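Just so we're clear, the structure is a prediction, and the values are computed from it rather than from any experiment. We name chains A, B, ... by the order of the sequence lines, and we start the count at 1 in each one.
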There are 2 protein chains.
Amino acid sequence: MSKKKVSLKDIAEKAGVSTALVSYVLNGKEKESRVGVDIAAKIRQIAIELNYKPNYLAKSLRSGKTQTIGLIIADISNPFFANIARIVEDEAKKNDYTVIIGSSDEDADKSWDLINVLLNRQVDGFIIVSSENTEEQIQYLSSRNVSFVLLDRHFPAIPTDYVVLNNYHASYIAGTHLIEGGYRNIGLIAYRSQLFHMQERIRGYVESLRDAEITFHPDWLTEVDFGRIEPEIRAGIDRMLAADQPVDALIFSTYRLAISGLKYINELGLTVPDDLAIVSFGQAEAFDLYYCPITYLQQPMEALGKTAVELLISKLKDPEQPPRQVLMEATLIARNSSKVKALVT
Amino acid sequence: MSKKKVSLKDIAEKAGVSTALVSYVLNGKEKESRVGVDIAAKIRQIAIELNYKPNYLAKSLRSGKTQTIGLIIADISNPFFANIARIVEDEAKKNDYTVIIGSSDEDADKSWDLINVLLNRQVDGFIIVSSENTEEQIQYLSSRNVSFVLLDRHFPAIPTDYVVLNNYHASYIAGTHLIEGGYRNIGLIAYRSQLFHMQERIRGYVESLRDAEITFHPDWLTEVDFGRIEPEIRAGIDRMLAADQPVDALIFSTYRLAISGLKYINELGLTVPDDLAIVSFGQAEAFDLYYCPITYLQQPMEALGKTAVELLISKLKDPEQPPRQVLMEATLIARNSSKVKALVT
DNA sequence: AGGGCTTGCTTTAACGATTAAGCAAACGGA
DNA sequence: TCCGTTTGCTTAATCGTTAAAGCAAGCCCT
C-alpha cells in the first residue's frame, strides 16, 4: 500500500554518506561512533525533511526484539477485562510497547492457539489472565524462558511473576460485611473451578462465617459450571432458598454470575435486600442501574494493569531476576443491596 | 528469550541443500521451482522434526505484508465495541490475520497517534470506528492509498469502504414502535455530534414523528456533550419533563446515554414504562437486569464485524477495486419498557 | 554428434536496519 | 621526521526469508 517508505538509504544518499552513519546519528550513538558534528546535524535535518520513520520489522529482525507484548485475556466481553486491556494498552504505549490482545474465552485450546500465534509473531513477552487447565502452557513458557506476568489469576504451584487480588481477603470482607449487617445465612455462588483465585474466594467466605461462629451449611455454596451458568444458577438459588436454613444474603464471586443470578432473583419476585441481600465481585454499570444499587468489591484495576506492565517490562530488561509477586486489596463499596437488615418483629 | 529458533538454514544444512530449496518446498512452490520429489519429502520431514516455525518478521520484511490488521475502536470499554473487537479478531484469525486493537477513546488526537503507531508497525490495513473530527485522518489514509474499512460510522462526503447500520431506519423504527404503543410525546437523547450516524439517528426519529403527524417539539431533543454526559442528561431530562408537552417516552441513541439516563430516572423515582417508556440503541446485560427490561435496537454485531473483515481482506487482495458500502438493519427487541400505553381514564 | 530443451539444484541479491571491523587522513609526541 | 593514536568515515556481515538468475548434467531430436 501507499507511497514508498523512506529508508536509511534514502537519507544516506541525500546526505552523501553511508547508511551506517545515518543509523548512528538517528540512534544517538554519535559520540561512541565519532560522527562529525556538522554531518550529524545535516543527517538529522534530512531525516526530518524526508519524514523518516524507522522500519520496525527490520529493526526487530536484527535485534530479536519486537517491542510487542502479547496480552491473553480470559474473556474480552467481560467489562472488567476489557478495562484491564485498555489500561495495559495505555501503560504499554507509554513505554513504547505495542499490545496484541487475544481473548481465550476461558478455553484452554484457544489459549494454546493464541500463545503459539503470538510466539510466532515474536512478542517479547506475555501478560496472561489464565483460564482453567492451562498450567502446562505456563510451564511451557517457563521452560522456554519466555518472559511473562500472570494477571488476576495465578498458579501457586508454579513460581512466576504475578499480580493478583487478595481474593481470600476480599471474600472474607464481603462475608464479614454481611454478617455485620445482621445477615446470618449467607450463600456464595462461585464457578466450579480449580483456579486458585476461585478457591480463595470460597475459602475467604467460609472463614468469615467460621470467625463469626456461624456454622457453614453446604447448601449455601453453589458451584456453577462455566458452560451452564443459567440453569445451574437457577437450580443453585432454588436450593439455597429451600434449605433448612434458607439464605438471607448472597455473595456472587464474579460479575457474570451476579448478572445471571440477579435476573433470576427478579424473576422470582424477590426484593433486594429485604428478601435477599447481595454483595458481588466485579463492578459494572449494571450494578448502578439495578433498582437497588449493588454492593460490590472494587478491584484496583488501574493498579493491577499498570503493575503487570511494569513487572513485565522490568523482567524483559533483566530476564534473570527472580519472580516478583504482588497481591492487591479490594475495597468494599457498600450500597443498598447489603444495608443493615431490617428487624423482623 | 528462550531457545534458539529453527531457521530455514538449519533445515537446509541438515538436508544438505540450499535454503532456497527449503523455502520453495515449505511454500508449496515445488512444482514451479522444479524441486525433486524425494528431496522435497526429505525437507518436509526435517521441517517437522525440527518443529520449524517461519519467522514472520523476515517474511514481512521481504514481502512488505505483515498479515496484520489495525483495529481502531472509538471506545473499548463500551461492551458493544468490545464485542465487535472480539468478532473482528476471530474472523481475522480465520483468514490468518492478526489484529492489533487500539482504543481512541473518542479522541481525535489519540486516534492520530494510533494510526501512526500502527502504520509504523506496517499493518496491512485498518478497520476503523471513527471518532469525531477525524475526517482528515481518513482523507490522509485515502491519499496514501492505505487500505481500510470504516465500521459503524462513516463520512458520507468521503468515498470509502464502510459497513454501518442503517441508523436512519433504526431510529425511525424506534419512534414508530413507541407511537404505535400509544405514546405521543417522544423525546430523543443523542450526542451533540457531527458524526453522520448520530445525525441519522436524529433524522429517523424526527421523521417517524412527522409521518405520524405528530408535531416535533424542540424541547424533546436533548443533545449531550460527550465529555459531560451526567450533568447534561440530567438537565435534558428535567427540561423534557417540564416542557409544555412533557414527554411520555424516551429514545436513547446510545447504550451509554441509556445507562446514564436510566440512573437519573431511577433517582427521580419515575416508573418505566408508566411514567416514561424507554427504547434504546445498543444492547447490554444492564438492560436485562433493569426491573423493567428495556426495549432495544439489536445490531447485527456478528455480521458487522465479519463483513468489515471480509471487505478489508478483499480490498487487500485487490486494492484497486472500487469501494463497497454495506448498510445493515437493526432489529427492534420489544420488551416491557415500551409496552402499549396504559389508558389514563 | 551437436544444438537446444528440461531437470534439479545453487548463487546471489534484496528487504531495512545495526554494528564490528577496516582504512585513510590528520594529528601528536619525542 | 617518524611512528602511533585519534578522528571520521566506509565496508561488509548479519537477522531469516524470498525469488530471479545461473549453471551443470542429462535428455531428445534430427
Colleague: When you get a sec, tell me which of D:dG16, C:dA17, D:dT18 is the closest nucleotide to the side chain of B:Ser7?
Modeller: D:dG16
Colleague: Nearest whole Å is fine: how far is D:dA19 P from B:Leu21 CG?
Modeller: 14 Å
Colleague: We want to know whether B:Ser77 and A:Asn83 form a side-chain donor-acceptor pair, criterion being a heavy-atom distance below 3.5 angstrom.
Modeller: no
Colleague: How long is the line joining CD1 of A:Ile43 and P of C:dT18, in whole Å?
Modeller: 13 Å
Colleague: Rounded to whole angstrom units, what separation is found between the CG atom of A:Leu57 and the P atom of D:dT17?
Modeller: 14 Å
Colleague: Look at the side-chain N and O atoms of B:Ser23 and state whether any lies under 4.0 Å from the OP1 or OP2 oxygen of D:dT18.
Modeller: yes
Colleague: Between atom CZ in B:Arg34 and atom P in D:dA25, what is the gap in whole Å?
Modeller: 16 Å
Colleague: Nearest-Å distance, CG (A:Leu61) to C1' (C:dT18)?
Modeller: 11 Å
Colleague: Any idea which of D:dG16, D:dT17, C:dT19 is nearest the B:Pro54 side chain?
Modeller: D:dT17
Colleague: Rounded to whole Å, please give me the gap between CG in A:Leu50 and C1' in C:dG16.
Modeller: 15 Å
Colleague: Closer than 4.0 Å, any side-chain N/O of A:Lys59 to the OP1 or OP2 of C:dG16?
Modeller: no
Colleague: Given that B:Tyr24 and B:Tyr56 both sit by DNA chain D, which one's nearest nucleotide is further toward the 5' end?
Modeller: B:Tyr56
Colleague: Please confirm whether the backbone N or O of A:Lys29 pairs with a side-chain atom of A:Ser33, one donor and one acceptor, at under 3.5 Å?
Modeller: yes
Colleague: With a non-hydrogen cut-off below 4.0 angstrom, is A:Tyr52 in contact with a base, only sugar-phosphate, or nothing?
Modeller: sugar-phosphate
Colleague: Does B:Asn27 put a side-chain nitrogen or oxygen below 4.0 Å from OP1 or OP2 of D:dT18?
Modeller: yes
Colleague: For a quick check under 3.5 Å, do A:Gln139 and A:Glu135 share a side-chain donor-acceptor pair by atom type?
Modeller: no
Colleague: Counting side-chain heavy atoms from CB outward, which of D:dA12, C:dC9, C:dC15 is closest to A:Ala20?
Modeller: D:dA12
Colleague: Under 4.0 Å from OP1 or OP2 of D:dT10: is there any side-chain N or O of A:Ser18 that close?
Modeller: yes
Colleague: Within this structure, what is the NZ-to-P distance between A:Lys65 and C:dT18, rounded to whole angstrom?
Modeller: 16 Å
Colleague: Looking at B:Lys317 and B:Glu310, is there a salt bridge between them, counting it only when a charged N and a carboxylate O are closer than 4.0 Å?
Modeller: no
Colleague: Could you check whether B:Val17 gets within reach of a base, just the sugar-phosphate, or nothing at all, counting any heavy atom under 4.0 Å?
Modeller: sugar-phosphate
Colleague: Once you round it to whole Å, what is the distance between P of D:dA12 and CZ of A:Arg62?
Modeller: 16 Å
Colleague: Is it true that B:Lys110 and B:Asp105 make a salt bridge, defined as a side-chain N closer than 4.0 Å to a carboxylate O?
Modeller: yes
Colleague: Just to confirm, is there a sub-4.0 Å distance from OP1 or OP2 of C:dT19 to any side-chain nitrogen or oxygen of A:Lys29?
Modeller: yes
